[in-house]
Number of protein chains: 2
Amino acid sequence: MSKHIKGVTISQVADAAGVARSSVSRAFTRPEMLSPETVNRIMAAADQLGYRPNHTARALSTGRYGNIALIVPDIANPFFPPMIRAAQMQADSANFCIFLGNTEENGEKEDQLIGRFTGQVEGLILASPRLSDERIWAHAEKLPLVLINRDIPGISSVLIDSSVGVAEAVTHLAKLHHRKMVYISGPPVSWSNRQRQEAFDKTALALGVETATVPTLRPDFESGRKAVEAMLATGATAGIAFDDLTAQGVLTGLAERGISVPADFSLIGCDDVLGSVTYPALTSISSQSSEAGQAAIALLLEMLQTSKHADLRHMIATHLVVRNTTREPHSAVTSG
Amino acid sequence: MSKHIKGVTISQVADAAGVARSSVSRAFTRPEMLSPETVNRIMAAADQLGYRPNHTARALSTGRYGNIALIVPDIANPFFPPMIRAAQMQADSANFCIFLGNTEENGEKEDQLIGRFTGQVEGLILASPRLSDERIWAHAEKLPLVLINRDIPGISSVLIDSSVGVAEAVTHLAKLHHRKMVYISGPPVSWSNRQRQEAFDKTALALGVETATVPTLRPDFESGRKAVEAMLATGATAGIAFDDLTAQGVLTGLAERGISVPADFSLIGCDDVLGSVTYPALTSISSQSSEAGQAAIALLLEMLQTSKHADLRHMIATHLVVRNTTREPHSAVTSG
DNA sequence: ACTTGACATGCAACCGGTTGCATGAAAACT
DNA sequence: AGTTTTCATGCAACCGGTTGCATGTCAAGT
C-alpha cells in the first residue's frame, strides 16, 4: 500500500507548535531549559503528529551513536547465545542497541564486519576473536574495544578463568582414583583452549596423574564423536573435553561403541551450556558465558563514559558442577 | 591512551587530493562519473589517511540505513540461533547489518525495542512475536515488516508449515501400531503451537488413533521434564512434543523413571534443533529455522527494493526425520 | 525610573556525507 | 574556425537533528 514512509521531522513539529526547531529538540533532550507550557505544547504537537526522534540524525550531530557491535565466531555454538542475551539486556538498560556479527570462525570476515560497523557504533565487543593481535590493536586504536576470551596487553577484556575449574575437575577425577586422563582439545588458536590445556597438564602433573591429549578440528558435536577412537586408544579411563558440544559428541561416540558412562568411562565437559540437558547429565565446568556478556558491555559502557581507552580486566571464576558422568574406574573398584 | 577518536572525513580527503568534497563522495559511490586518474588520486589520498565512509552520515542523506532489525523472543532457545545466523549471512551478502533484539517473551519489551530501532533501520523482522495483531499492524504501517511464524493478513511472513511434518509423524507412529498418542503442547499464544496441535488432532482422527494433550508452561527443558507424569497418566505409548527442548526434557523425565526410549515409549520432537545430539538420537520434525531466517531477509530486501508493502508469504515445508526414539510398542509386538 | 540579571526562545552553523544543477574545457561536428 | 555536444568537476542545498551564542522580555535590585 504505502510507499517509502517519510517520518515526521522536528520541523513539522516546530511548525505545528509555533516554535523554532531548536525548541523542539530541547523539549526532548533538555526540557528543563524550556518553560513547562512550551514543553507541553510541543509534546502535544509531537504526539499528535506521531513524531519519533531520528536516531541517525541525532547520532550524526552528537557523535553518540547509541549502538554497540558484538561479534562472535558462531552464534549457533551454545556457548554464545546466553552471552549475547545477557549483553543485549545489559545494553538495553543503558538504552544502547546491539549489532550482531557472525564471523563463521573466519578472521577475514571479522575484519570486514568491523568495517561495516564503523561510523555507526560507539564501541566493539569481540568474543573469542580469530584475528591476529596486530589487527585487533589496529581496530582498538580507532574504537573502544572489549575482548571476551582473549588476552592482549593494552586492551580491555573479560576472561573466563577456566584454570580453577579444570583443576577442580582433574582433582575430582583423581579422587575417584583415575590414574590416566585425556584432554580432548579445541581450536589451537583459541585462548581458552590453551588455558585449559595448561591447567589440565599442570594439575595432573602435580597430582601424579598420567595424561594424554587428543586434538579436534572444531569445537562441535562431530569432532567429539570422531575423537572417541583416538581417545580410547590412549588407555585413559576419564576425559575432559574442551567444551560441552565436544563432550556430547564423545558421549554419543561412546554410546555407539557400547561403552557406558560413567560405568566404563568418566567424562567432563567445559562451559556447562548443556548442563542437565544430556543424559546422563553431563558433569561440566561452569563458565557463565552470560556473565561474560554482561560484564563486557558494562566495561565498554564505562570506557565510553570516561572516554579513555582503559586497559581493564574482568575475570570470571569457574567451578566444577558434578552431575552423572563421573565415577570410579573399574580398576579402582577392584584394587581399592 | 587516545581520547575520542575523530574519524577522517570526506573534507580531509578532498583537501589532500585537491578536489571538491563531492568528487570524493563520487569516487566511492559512482566512480564511473569521474576520470580514472581522479579516482586513483582520491583513493590514494583516502587510503593514506585511513578514510572510512561514515555509515551514519550516508544514511542520513540517502535515507538508506543499510540496517535491519531482527527481534526474537529468546535467543537462548536453540530454535533461534540457526535462524539468526542465516539471517545474518543473508543480510551480509547484501551489505546490510543486523540489529538483534531479545524480548524475553515479552510483548511490551518488543514494542520498546522497535521504538529504539526506528530511524536507524530500513526494515523489521519479528520472529514469533508476542505482540497483538493491532500493534503489529501499527508498526507495519511505519516500516517494512516481515513476520516469522505468525500469520497476519496484509503482512508478509515466513511460515514454517509444520502440518505436513506432524502428519508424517503421526502416520509414522500409527504404522508402528501405536494406538494412543499424546501431544505435549507449547505456548497457547504461539501460532506454531496451534498449527501443530491442529495437525496432530486431524491426522490422528483420520487414522482412528486415540489422542491426548498435555499442556506446558514454556517451551523448555524443565517444562518437558515436569510434563512426563501427566503424559504417562494418559496411557499413551507415544508422544509428540511441541519442540525439541521439551522433548529432551521428556526424554530425561522418562529416563529418571527407568522408562526406556524407544523400547517402552516412543517420542518425537519438533524443529529438529538438537538432532542427533541427544542420546538416543531424537526423531524430530525438521523445520529448518535457518531457511526461515534467510527467507525473511530475502523477502524484506525485496520489499525494500520494490519499495512497496507487499503482502508476501513464504512457506517452508517440514518433514519427519526418523532417528532412534521411535519403535513399536510392546502391545504391538505381542499382538502383531 | 533605570540598570542588571535571569531566563526563555530563536538564529544559524555544524555533524559527514549525497546529489541536482551549473560551469568550463575538451572533443566532435558542420 | 565556429558551434554544439560530451564529460569531468565544483557549488550549494539538503538529510534531521544539536548547540553556542545572540536577542528579547520581564522581574528584581538600587
Side-chain angles (χ1 to χ4, degrees), chain A residues 4-43 45-46 49-67 115-122 142, chain B residues 4-43 45-46 49-67 95 116-122 142:
Chain A
H4 258 193
I5 316 95
K6 294 243 164 199
V8 180
T9 75
I10 212 176
S11 307
Q12 299 174 38
V13 177
D15 287 353
V19 296
R21 300 192 307 144
S22 44
S23 294
V24 179
S25 172
R26 289 195 258 257
F28 282 88
T29 54
R30 295 207 299 266
E32 74 282 359
M33 277 187 70
L34 267 45
S35 75
E37 313 92 73
T38 312
V39 172
N40 287 341
R41 193 149 37 94
I42 293 176
M43 287 307 187
L49 272 67
Y51 168 76
R52 305 250 125 233
N54 182 314
H55 213 114
T56 302
R58 184 181 308 207
L60 183 59
S61 57
T62 59
R64 273 172 283 113
Y65 298 100
N67 299 325
R116 187 163 301 156
F117 291 137
T118 52
Q120 52 183 344
V121 301
E122 280 176 63
K142 306 197 181 170
Chain B
H4 259 191
I5 315 96
K6 295 241 161 201
V8 180
T9 75
I10 211 176
S11 308
Q12 298 175 40
V13 176
D15 287 353
V19 297
R21 299 192 308 144
S22 44
S23 295
V24 178
S25 173
R26 290 195 256 258
F28 282 89
T29 54
R30 296 206 302 263
E32 74 282 358
M33 275 187 71
L34 267 45
S35 75
E37 312 92 73
T38 312
V39 172
N40 288 340
R41 194 150 36 94
I42 293 174
M43 287 308 186
L49 272 68
Y51 168 75
R52 306 251 124 236
N54 181 314
H55 213 113
T56 301
R58 181 177 302 194
L60 183 58
S61 57
T62 60
R64 273 173 281 111
Y65 297 99
N67 298 326
N95 284 327
R116 186 164 301 156
F117 290 138
T118 52
Q120 52 183 344
V121 301
E122 282 177 62
K142 306 197 179 166

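Chain letters run A, B, ... following the sequence lines, proteins first and then strands; every chain starts at 1. Note that the coordinates shown come from a computational prediction; the quantities given were computed from them, not determined experimentally.
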Q.
How close do A:Ala59 and B:Thr56 get, counting heavy atoms only, and between which atoms?
A. CB-CG2, 4.1 Å

**Q.** Student check: side-chain heavy atoms of A:Arg116 and B:Asn95 closer than 4.5 Å
**A.** yes

Q.
The side chain of A:Ser25 is closest to which nucleotide in this list: D:dT19, D:dT18, D:dG16?
A. D:dT18

Q: Assign A:Ser11 to base, sugar-phosphate, or nothing according to its heavy-atom contacts below 4.0 angstrom with the strands shown.
A: nothing

Q.
Between B:Tyr65 and B:Val121, is there a side-chain heavy-atom distance shorter than 4.5 Å?
A. no

Q. Roughly, in whole Å, what's the span from CZ in B:Arg52 to C1' in C:dG17?
A. 16 Å

Q: Mind listing the closest non-hydrogen atom pair of B:Met43 and B:Phe28 along with its distance?
A: SD-CZ, 3.8 Å

Q. Can you find a side chain N or O atom of B:Tyr65 that sits less than 4.0 Å from OP1 or OP2 on D:dG16?
A. no

Q: Round to the nearest Å and state the distance from A:Asn54 atom CG to D:dT18 atom P.
A: 9 Å

(Q) With a 4.0 Å cutoff (strictly under), does any side-chain N or O of B:Arg21 reach OP1 or OP2 of D:dT9? (A) no

(Q) Any base atoms under 4.0 Å from B:Val39, or only sugar-phosphate, or nothing? Heavy atoms, all strands. (A) nothing

Q: Figure out the CZ/P separation between B:Arg26 and C:dG16, and round it to whole Å.
A: 20 Å

Q | Nearest to side-chain heavy atoms of B:Ala20, which nucleotide of D:dG10, D:dG17, D:dT19 | A | D:dG10

(Q) Without decimals, in angstroms, what is the distance between B:Leu34 CG and C:dA25 C1'? (A) 16 Å

Q.
Please tell me if A:Ser23 has a side-chain N or O lying less than 4.0 Å from either OP1 or OP2 of C:dG10.
A. yes

Q. So, is A:Arg30 close to the D:dT19 phosphate, meaning a side-chain N or O under 4.0 Å from OP1 or OP2?
A. yes

Q.
By the 4.0 Å heavy-atom rule, please label B:Thr56 as base, sugar-phosphate, or nothing.
A. nothing

Q. In terms of the nearest nucleotide of DNA chain D, which residue is placed more toward the 5' end: B:Ser35 or B:Ala57?
A. B:Ser35

Q.
Nearest whole Å is fine: how far is D:dA22 C1' from A:Met33 CE?
A. 13 Å

Q. Using a cut-off of less than 4.0 Å, is there contact between a side-chain N or O of A:Ser22 and OP1 or OP2 of C:dT9?
A. no

Q. Separation of B:His55 atom NE2 from C:dT18 atom P, in whole Å?
A. 11 Å

Q) With a 4.0 Å cut-off on heavy atoms, is B:Val19 in touch with a base, just the backbone sugar-phosphate, or nothing at all? A) sugar-phosphate

Q: Tell me which nucleotide among D:dG17, C:dT19, D:dT9 gets nearest to the side chain of A:Ser61.
A: D:dG17

Q: Could you tell me whether B:Phe28 contacts a base, only the sugar-phosphate backbone, or nothing, with contacts defined as non-hydrogen atoms closer than 4.0 Å?
A: nothing

Q) In whole angstroms, how far is the C1' atom of D:dG10 from the CZ atom of B:Arg41? A) 13 Å

Q.
Is it true that B:Asn67 and A:Gln120 share a donor-acceptor pair across their side chains at a distance under 3.5 Å?
A. yes

Q: Would you mind reading off the distance between A:Arg64 atom CZ and D:dG17 atom C1', rounded to a whole angstrom?
A: 12 Å

Q. Between B:Ser23 and B:Ile42, which heavy-atom pair has the shortest distance, and what is it?
A. O-CD1, 3.6 Å

